[in-house]
Structure formats: C-alpha cells, structure tokens
Amino acid sequence: MKNKLLITLICFFAYSTISFAQSDKVIAKAYMKRANEAAGNIDFEGARISFDKAIKRMDTILDKKVAALGSIIYFEIHHQRPTEKEQLEFLEKARDYSKQYFLLEKNTTSEDYLNNTEHSILIIENIEILKNKIQAAELERLRKEKELRRIDSLKTVWKNKSEALTLKVDSIYSFNKNNIAIYQKDDFFGVIDDRGKILIEAIEYKDALSSEGFILLKNKKEETNKIYCFNTNDKAGFLLPSASDFNSLSTHYGKIMLPRGNGRLVTYPNNSFQPMVYDLNVKQVVRVANQTELFKNLKKSDAIGKYNKDGEVKVGKTWYVFGGHLGGGIHPLYLEGNYNIDAFLCSIDGTRLFTANGTQYIGAFYNNKSQTIKKGKTIWINQNGTKVSKAKDEFAGYTGDSEVVRLSKGNYQIMRNGVVIIGDEELEKMGEFLRKYRGN
C-alpha cells in the first residue's frame with residue numbers, strides 16, 4: 001500500500017514538473033512574440049520588458065534569433081538610461097547576447113552573421129567610448145576631490161594662521177601720530193603699535209592716560225603708587241620715581257594730570273605741601289632752582305607781599321606754604337598744617353584761583369594753556385586763570401594705513417592694504433591665499 005502511494009506521488013510530481021516546464025515555454029514564447037512585435041514597431045523599451053519576462057522563463061538561450069534580438073534591444077535603448085554606468089550595463093548585456101548569438105550561429109558566411117558582426121563591432125566601440133568617458137569622469141571626480149581636499153587643507157592653514165594673527169584683547173584705542181595706542185585686556189591696560197606688536201603687555205596696570213605723545217600706565221585708578229611712562233616719540237618706557245621718593249610722607253601720587261607735549265607731568269601726592277612736577281623727557285623731578293631769587297622777583301612784581309626763609313609767602317593778608325612752580329607763572333599755595341591746596345597764584349597779574357571756588361588741580365603749562373580740574377570737570381586756562389579753548393593734542397590723529405578690525409568680542413585684527421598683520425607676520429585674504437598656494 002505504501003509503495004503504491006509513493007509511486008503515485010512520484011508520478012504526480014513528475015507530471016507537474018513537465019506541465020510547469022511546458023507552461024514556462026509557452027509563456028516565454030508568447031512574451032518573445034510580443035518582444036519581436038514591439039521591436040518591429042520601434043518600441044524597444046516595450047520590447048525589453050517582454051524580452052526580460054521571456055528570458056526569466058528560459059534556462060538558457062538556444063535560439064540564435066533570441067540572442068540577436070536581445071542584443072539589438074539592449075543596444076537600442078542603452079542611451080536612454082539616466083546614468084553612464086547604467087548605459088554601460090545595458091551595452092554589456094547587448095554584448096553578452098551578441099556573444100551568445102555567435103556561439104549558436106554556425107554559418108559564418110550568411111548575411112545575418114555579417115550583420116550581427118557589424119552590430120557586435122558597434123557595441124564594442126560604444127562600450128570602449130563609454131568606458132573612456134566613465135574613466136575620464138572618474139579621474140576628473142578624483143581630481144576635483146583631491147583639489148577640494150587641498151583647498152580644505154589650505155583653508156585650515158589660513159584659518160590657523162589667521163587665528164595666530166588675531167589679537168585676543170577687549171579693545172584697542174585710537175593710534176596717535178607715532179602709530180602707538182593703548183589697548184585693554186580684561187581689567188588691564190597695555191601699549192600696542194599699528195602693526196599689532198605688543199609693546200607693553202596688559203598684565204599689571206589697571207588704568208591709563210594718553211596725551212601729547214606720552215602714555216601713562218597706572219597700577220591703580222585711584223591712589224596710584226606706581227606709574228609706567230611710555231614715550232611714543234622714542235618708543236621707550238620707564239617707571240617714575242615713587243611718590244615717597246619725592247616726599248617721604250607720601251604713599252601715592254594723588255591726582256595725576258595729563259602729560260604735556262613739553263614732557264612735563266604734574267601729580268599731587270598725598271601728605272605733601274608741593275605737587276610733584278616731573279620732566280618725562282629727561283626723567284627727573286623739576287624743582288625751583290633758586291627759590292629765594294624767585295621770591296624776590298614775585299615780590300618785585302607785587303605778586304606776593306612778603307616771604308621768609310621757611311619757604312612761606314604772604315599774599316594779601318594770608319601766609320602760605322609755597323608749593324613750587326607749575327609753569328606759566330602758576331604756583332600752588334597751601335595753608336600751614338593743611339595738605340590741601342588753598343589757592344593757585346597766577347603771578348602774571350596776582351590772581352588767586354581759590355579751591356573753595358571750585359579750582360581743584362592745575363596741570364603743567366604748555367602752549368599757553370594748563371589743564372585744570374574745576375568742580376570735577378576738565379577745563380583749560382591761560383596764565384591768569386581765564387578759561388580758554390581745549391588744548392590741541394599735536395599727536396592725536398592717526399595718519400598711518402593700518403585698520404583695526406573687530407572680528408568678535410575679544411578678537412581683533414590689524415589690517416593693512418587688505419592684509420592681516422602682526423609685527424613682521426602677514427596674511428592675505430583667504431581668496432588671495434588660496435590663489436597663491438593652490439598651484440604650488
């Protein structure tokens with residue numbers, strides 16, 4: 001019973017296989033017929049669809065006409081493919097079908113053989129042309145890719161150098177005619193030139209003054225006890241003598257006035273009956289050479305009434321401690337036992353400028369003007385205390401060709417003629433840099 005069932009099943013499967021095989025051949029033949037008809041109507045895309053469906057149902061191509069048809073179909077539509085790679089794939093299929101034709105065709109002298117030979121040559125030529133195009137395109141792609149990598153590398157080099165030529169500072173003030181400026185970083189001030197070279201680092205001094213060719217760096221904004229002077233005329237700097245060197249009881253410079261174009265600086269140290277007048281050019285304190293002779297001349301001109309050997313002068317009905325000479329015939333006057341100035345004597349006409357009336361400090365006299373602090377504000381006066389126009393800073397107004405460019409907060413660059421500079425280092429704009437080095 002079991003043997004009969006097994007035989008029956010074997011016969012069933014064998015019949016089914018034969019039936020399916022016969023069915024595939026019939027369907028393949030039908031599709032091939034459609035492919036031939038479409039090709040005859042110049043519908044090669046439609047012919048390809050039917051042809052491929054027929055091929056799927058064949059084990060191998062045994063008919064030379066089928067092989068020739070496949071070769072023609074794939075050749076005729078290869079140029080319609082969207083990419084050269086796909087076009088090449090279709091051409092290679094056309095070549096493979098052409099090879100299959102020549103395996104099946106035995107008559108090498110027939111017209112059909114000769115036609116297919118011409119067709120085969122055409123396929124081979126097109127494959128070669130297309131491969132050359134693809135290869136050339138690939139070489140161009142690789143060249144461009146390499147060029148882009150080189151450009152990216154050059155951009156990185158440029159950015160790194162640009163970063164190295166970037167000043168990490170908070171602000172750069174105006175350059176003067178000597179091409180020098182104050183700059184600030186964090187809470188400190190320093191000195192820089194118009195090529196971006198740091199002359200004095202901003203690491204110690206908390207305040208700064210710039211006037212008439214001189215820059216003063218102060219260790220503290222108030223009660224300053226250390227001053228560094230940078231002379232922009234000779235590009236040299238030095239420390240001023242301490243206030244205690246000027247007066248043993250002084251601990252700081254007190255009010256510091258603007259340095260003037262003649263190099264004179266006036267400060268008002270605490271616990272002192274005399275301002276400190278300092279010559280920044282010769283680097284020494286300026287004192288009255290012969291005080292007695294000066295007193296005689298002041299008495300002769302009626303600027304004072306009396307004087308004594310203790311360095312006191314009488315003006316009107318008041319005796320004062322004489323405070324030296326600020327230039328222009330202007331003299332500070334102190335009351336005995338009081339370190340605060342009571343008045344300034346303008347010896348040219350005997351005028352007294354009383355601090356009670358608002359005149360607090362007077363600076364060095366130069367070009368017929370003195371800086372004056374009156375009621376907390378700066379004004380300018382002449383020799384008799386009359387208010388005049390603001391003194392002109394002959395060193396103000398930069399005439400060079402450097403430009404300070406703010407990149408972002410805390411980042412500046414110095415540009416000159418479109419080139420970034422710091423000291424002797426220079427960097428072109430990125431476009432110029434790339435053009436310069438791409439060919440190297």
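- A side-chain donor-acceptor contact under 3.5 Å links Lys168 and Asn411.
- There is no side-chain donor-acceptor pair under 3.5 Å between Lys206 and Thr224.
- Between the CD1 atom of Ile55 and the OG atom of Ser50 there is a distance of 11.5 Å, given to the nearest 0.5 Å.
- One distance of note links CZ of Arg416 with CZ of Arg195; it measures 5.0 Å at 0.5 Å rounding.
- Remark: the backbone N or O of Ser402 is paired with a side-chain donor or acceptor of Tyr398 at under 3.5 angstrom.
- Checking Gln413 against Thr166 by side-chain atom types alone, a donor-acceptor pair falls below 3.5 Å.
- Here the CG atom belonging to Leu427 is positioned 12.0 Å from the CD atom belonging to Glu163, to the nearest 0.5 angstrom.
- Checked against the 6.0 Å centroid criterion, the rings of Phe90 and Tyr74 qualify as a close aromatic pair.
- A salt bridge links Asp52 and Arg48; the closest N-O separation between the charged side-chain nitrogens and carboxylate oxygens is under 4.0 Å.
- Asp112 and Tyr101 are linked by a side-chain donor-acceptor pair at a separation below 3.5 angstrom, with hydrogens and angles left out of the test.
- Taking the ring centroids of Phe354 and Phe344, they lie at or beyond the 6.0 Å cut-off.
- Of the N and O atoms on the side chains of Glu86 and Thr83, at least one donor lies less than 3.5 Å from an acceptor on the other residue.
- There is no side-chain donor-acceptor pair under 3.5 Å between Tyr339 and Asn270.
- One finds the NZ atom of Lys197 at 9.5 Å from the CD1 atom of Ile180 (value rounded to the nearest 0.5 Å).
- Ring to ring, Phe51 and Tyr97 are close: their centroids are under 6.0 angstrom apart.
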